[in-house]
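Every chain is numbered from 1, with letters handed out A, B, ... down the list of sequences. Every value quoted in this text rests on a predicted model; they were computed, and no experiment measured them.
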Amino acid sequence: MRLATWNVNSVRARVDRIVEFAVRESVDVLAMQEIKCTVAQFPFDAFAEAGYHVEAHGFSQWNGVAIASREPLTEVETSFPGMPGFANNVSGPDSPLEARALGATVGGVRVWSLYVPNGRALGDPHYFYKLDWLGALEQHVRQTLTETPDQALALVGDFNIAPTNADNGDPAVVEGFATHVSAPEREAYAALEAAGLSDVVRPLVPTGYTYWDYKRLRFPKNEGMRIDFILGSHSFADAVTGAAIHRNERKGEAPSDHVPVVVDLDLTGPDDDDRPMIF
DNA sequence: ATGACTAAGCCACTTAGA
């Protein structure tokens with residue numbers, strides 16, 4: 001199975017480009033973030049013509065997540081337990097939920113397409129919302145992997161955190177003055193790893209950014225950030241056979257500011273033929 | 001000068017992204 005995640009920054013503005021990529025790269029499951037439309041506005045037909053089922057979740061022009069898959073998606077959820085909402089600068093369990101999470105099962109893998117809140121600025125209500133949101137996500141991962149430790153679980157998407165200084169090449173994003181690189185955000189990311197997940201791309205693709213700001217020639221100067229990740233439980237990580245960051249998707253006509261991140265999985269499990277026969 | 005991209009909607013300005 002080939003699984004990809006991509007913050008597409010409006011699915012309607014570049015649907016042809018997205019579907020062409022999925023077909024060209026033989027992507028089986030494509031998790032998307034920032035679809036920037038309602039479910040009613042989603043261009044399902046273009047995906048269906050290319051052989052993809054789609055589950056989409058979006059309320060408005062803001063946020064929105066989706067998963068396209070060649071095989072049908074089951075057990076679809078539009079939030080994880082405890083996920084806080086946000087409206088009118090108030091976050092918490094009583095605020096309306098935003099369209100930032102979509103969970104579905106395919107090929108035995110539980111996939112979450114996630115668009116972690118941006119945070120806007122250090123100290124902004126949205127920043128505390130981001131930290132609360134990540135804390136609830138960690139709790140969900142912890143609970144899932146306590147109940148079913150061998151579940152192939154993947155959290156994929158735009159985490160809006162550069163976990164190390166090497167993941168930030170944008171000179172405007174300065175530690176101590178900007179979101180994405182603050183200690184609490186990095187601690188929230190580390191807590192996901194402590195809960196039993198690992199970045200399955202980094203061992204195979206140690207360097208490279210996944211996002212470049214549209215402004216100030218960030219892409220030609222390669223002043224980007226690595227903020228889009230595929231985090232997997234041990235069963236998922238053990239099945240990974242390859243990974244890629246498709247930097248070329250930042251080029252050309254009307255690109256997203258993010259590029260796709262892809263992993264290949266061998267989910268057939270241990271080969272019985274390799275084991276000694278015991279009578 | 002801290003600005004100068006992009007997308008969507010109450011569409012010619014505002015909000016949001018990061």
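- Atoms CG and CG, on Leu267(A) and Asp264(A) in that order, are 10.5 Å from each other to the nearest 0.5 Å.
- Distance check on atom P: dA16(B) versus dC10(B) gives 14 Å, rounded to whole Å.
- Contacts between chain A and DNA chain B, taken as any atom within less than 4.0 angstrom of a protein heavy atom, begin and end at dG3(B) to dA18(B).
- The residue Asn7(A) sits close only to the backbone: its heavy atoms come under 4.0 Å of sugar-phosphate atoms, none of a base.
- For DNA chain B, none of the residues of residues 162-172 of chain A falls under the heavy-atom distance limit of 4.0 Å.
- Under the side-chain hydrogen bond (donor to acceptor under 3.5 Å, both in side chains) criterion, no residue pair touches residues 44-57 of chain A, with sequence neighbours excluded.
- Between dT15(B) and dG3(B), the distance separating the two P atoms is 16 Å to the nearest Å.
- Annotation: Glu71(A), atom CD; neighbour count of heavy atoms from other residues, nucleotides and ligands within 6.0 Å does not exceed 12.
- Ring centroids of Trp112(A) and His140(A) are separated by less than 6.0 Å, placing the two rings close together.
- Mapping Asn9(A) and Asn160(A) onto DNA chain B via the closest heavy atom, the residue that lands nearer the 5' end is Asn9(A).
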Step by step, would you call Val181(A) with Arg186(A) a side-chain contact (heavy atoms from CB on, under 4.5 Å)? CA-CA 7 Å; Val181(A) 293; Arg186(A) 286 175 167 173; 3.7 Å; yes
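- dT2(B) and dA8(B) have their P atoms separated by 29 Å, with the value rounded to a whole Å.
- The residue Tyr115(A) sits close only to the backbone: its heavy atoms come under 4.0 Å of sugar-phosphate atoms, none of a base.
- Atom CZ of Phe159(A) sits about 12.5 Å away from atom CG of Asn7(A), to the nearest 0.5 Å.
- Within 4.0 Å (heavy atoms only), Arg250(A) reaches no atom of the nucleic acid at all.
- Taking atom C1' on both dA4(B) and dG9(B), the two are 23 Å apart, rounded to the nearest angstrom.
- Under the 3.5 Å distance criterion, the side-chain polar atoms of Arg2(A) are left unmatched by any main-chain donor or acceptor of Asp28(A).
- Within 4.0 Å of Gln41(A), counting heavy atoms only, lie sugar-phosphate atoms of the nucleic acid but no base atom.
- Between dT6(B) and dA18(B), the two C1' atoms lie 13 Å apart (nearest whole Å).
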Cut-off 3.5 Å, no hydrogens considered: what does the side-chain donor-acceptor table look like for residues 90-103 of chain A, sequence neighbours left out?
from: Ser95(A); atom 1: OG; to: Val90(A); atom 2: O; distance (Å): 2.9
from: Glu98(A); atom 1: OE1; to: Arg100(A); atom 2: NE; distance (Å): 2.7
from: Glu98(A); atom 1: OE1; to: Arg100(A); atom 2: NH2; distance (Å): 3.3
from: Glu98(A); atom 1: OE1; to: Tyr129(A); atom 2: OH; distance (Å): 2.7
from: Arg100(A); atom 1: NH1; to: Tyr115(A); atom 2: O; distance (Å): 3.2
from: Arg100(A); atom 1: NH2; to: Asn63(A); atom 2: OD1; distance (Å): 3.1

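- Between Leu217(A) and Gln61(A), it is Leu217(A) whose nearest contact on DNA chain B lies nearer the 5' terminus.
- Screening Val109(A), Val200(A), Leu153(A) against Ser233(A) for a side chain to side chain contact (heavy atoms under 4.5 Å, CB included) leaves a single residue, Leu153(A).
- Within 4.0 Å of Asn118(A), counting heavy atoms only, lies at least one base atom of the nucleic acid.
- Of the residues in residues 252-263 of chain A, those placing a heavy atom less than 4.0 Å from an atom of DNA chain B are His258(A), in numerical order.
- Ser10(A) comes within 4.0 angstrom of sugar-phosphate atoms only, judged by non-hydrogen atoms across all strands, and of no base.
- With contacts defined as side-chain heavy-atom distances shorter than 4.5 Å, the pair Phe219(A)/Val259(A) does not qualify.
- No side-chain heavy atom of Trp133(A) sits less than 4.5 Å from a side-chain heavy atom of Phe86(A).
- No contact: Arg218(A) has no heavy atom under 4.0 Å from any strand.
- Annotation: salt bridge (Lys or Arg N to Asp or Glu O under 4.0 Å) contacts of Asp167(A) (sequence neighbours excluded): Arg202(A).
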